Amino acid sequence: QVQLVESGGGLVQPGGSLRLSCVASGSIFSIVSMGWYRQAPGKQRELVAVVTTDGNINYADSVKGRFTISRSNAGNTVYLQMNSLKPEDTAVYYCNLKRRWVGLQDYWGQGTQVSVSS
């Protein structure tokens, strides 16, 4: 199986920055994409950003221009640089990995808390 471990969450002031990291291990061959989702209290989990193996990137409209997703050269780590953070960015952020092996398989990390408040 695949294991995903997130880090980098914390409490920041509005306008501040954080960088999240997610390290994948295990059966991480045939990766299709890695990305970040978030879930705020009382809300559904939503896509934040995703990067495919061929370099295609998608962002949620709410984070465009503020967040940047990237992957390590080895391909086993994905980062989310978050700038100009707003209180509405407060959520648990989850790393996601998709790989194609007997169909498309989906894996999730345990999540890391991001809190933005004054």
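These numbers were taken from a predicted model, which means no experiment stands behind them.
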Tightest non-hydrogen contact, residues Gly75 and Met34, listed as O-SD, 3.7 Å

| Ser117 versus Pro87: any side-chain heavy-atom pair under 4.5 Å? | no

message: Membership question, hydrophobic clusters at under 4.5 Å side-chain separation (ILVMFWY): are Val63 and Ile57 in the same one?
response: yes

Examine distances only and state if a side-chain atom of Ser33 and a backbone atom of Val50 form a donor-acceptor pair shorter than 3.5 Å. no

Sequence neighbours excluded, the answer for side-chain hydrogen bond (donor to acceptor under 3.5 Å, both in side chains) partners of Gln105 is Arg99, Tyr107

Minimum side-chain heavy-atom gap Thr112-Val92 below 4.5 Å: no

### Test: Arg71 cationic atom under 6.0 Å from Tyr79 six-membered ring centre, within 45° of axis
no

- Item | Full working for side chain to side chain contact (heavy atoms under 4.5 Å, CB included) between Phe67 and Leu80 | CA-CA 7 Å; Phe67 291 11; Leu80 186 68; 4.1 Å; yes

Heavy atoms of Leu97 and Ala24 approach each other most closely as CD1-CB, 3.9 Å

**Message:** Between Lys86 and Asp89, does any NZ, NE, NH1 or NH2 come within less than 4.0 Å of an OD or OE carboxylate oxygen?
**Reply:** no

ask   = Does a side-chain heavy-atom distance below 4.5 Å link Val51 with Asn56?
value = no

Just by distance, do the side chain of Glu6 and the backbone of Gly111 share a donor-acceptor pair under 3.5 Å? yes

Quiz item: Same hydrophobic cluster for Leu4 and Tyr37, using side-chain heavy-atom links shorter than 4.5 Å among ILVMFWY?
Solution: no

Gln44 atom CD: more than 12 heavy-atom contacts under 6.0 Å: no

Are Val48 and Val12 joined in one hydrophobic group, where the rule is that I, L, V, M, F, W and Y side chains link up if heavy atoms are under 4.5 Å apart? yes

Donor-acceptor pair, Tyr59 side chain versus Ile69 backbone, under 3.5 Å? yes

Just wondering, are more than 12 heavy atoms of other shown residues or ligands nearer than 6.0 Å to CH2 in Trp108? yes

Can you see whether Tyr93 engages Arg38 through a side-chain donor-acceptor pair at a distance of less than 3.5 angstrom? yes

Please assess Gln81 against Ser17 for the test side chain to side chain contact (heavy atoms under 4.5 Å, CB included), listing each intermediate value before the final yes or no.
CA-CA 7 Å; Gln81 179 66 48; Ser17 297; 4.0 Å; yes

With hydrophobic residues grouped by side-chain heavy-atom distances under 4.5 Å, do Phe29 and Val102 end up in a single group?
yes

Given the rule in the side chain to side chain contact (heavy atoms under 4.5 Å, CB included) test, do Val114 and Met82 qualify, once you have shown the distances and angles that lead to the verdict? CA-CA 10 Å; Val114 171; Met82 304 185 294; 3.8 Å; yes

For Ser30 and Trp101 the tightest heavy-atom approach is OG-CE3, 4.3 Å

Are the side chains of Val23 and Asn76 in touch, meaning some heavy atoms are under 4.5 Å apart? yes

Are any non-hydrogen side-chain atoms of Thr90 and Gln113 less than 4.5 angstrom apart? yes

Apply side chain to side chain contact (heavy atoms under 4.5 Å, CB included) to residues Trp36 and Val78 and explain how you reach the verdict.
CA-CA 9 Å; Trp36 293 92; Val78 64; 3.8 Å; yes

Q) Does Arg66 use its side chain to pair, donor to acceptor, with the backbone of Ser84 at less than 3.5 Å? A) yes

Interatomic distance, CZ@Arg19 vs CG@Asn83, rounded to 0.5 Å, equals 11.5 Å

> Under 6.0 Å from the CD atom of Gln3, do we count more than 12 heavy atoms belonging to anything else shown?
Replying inline: yes

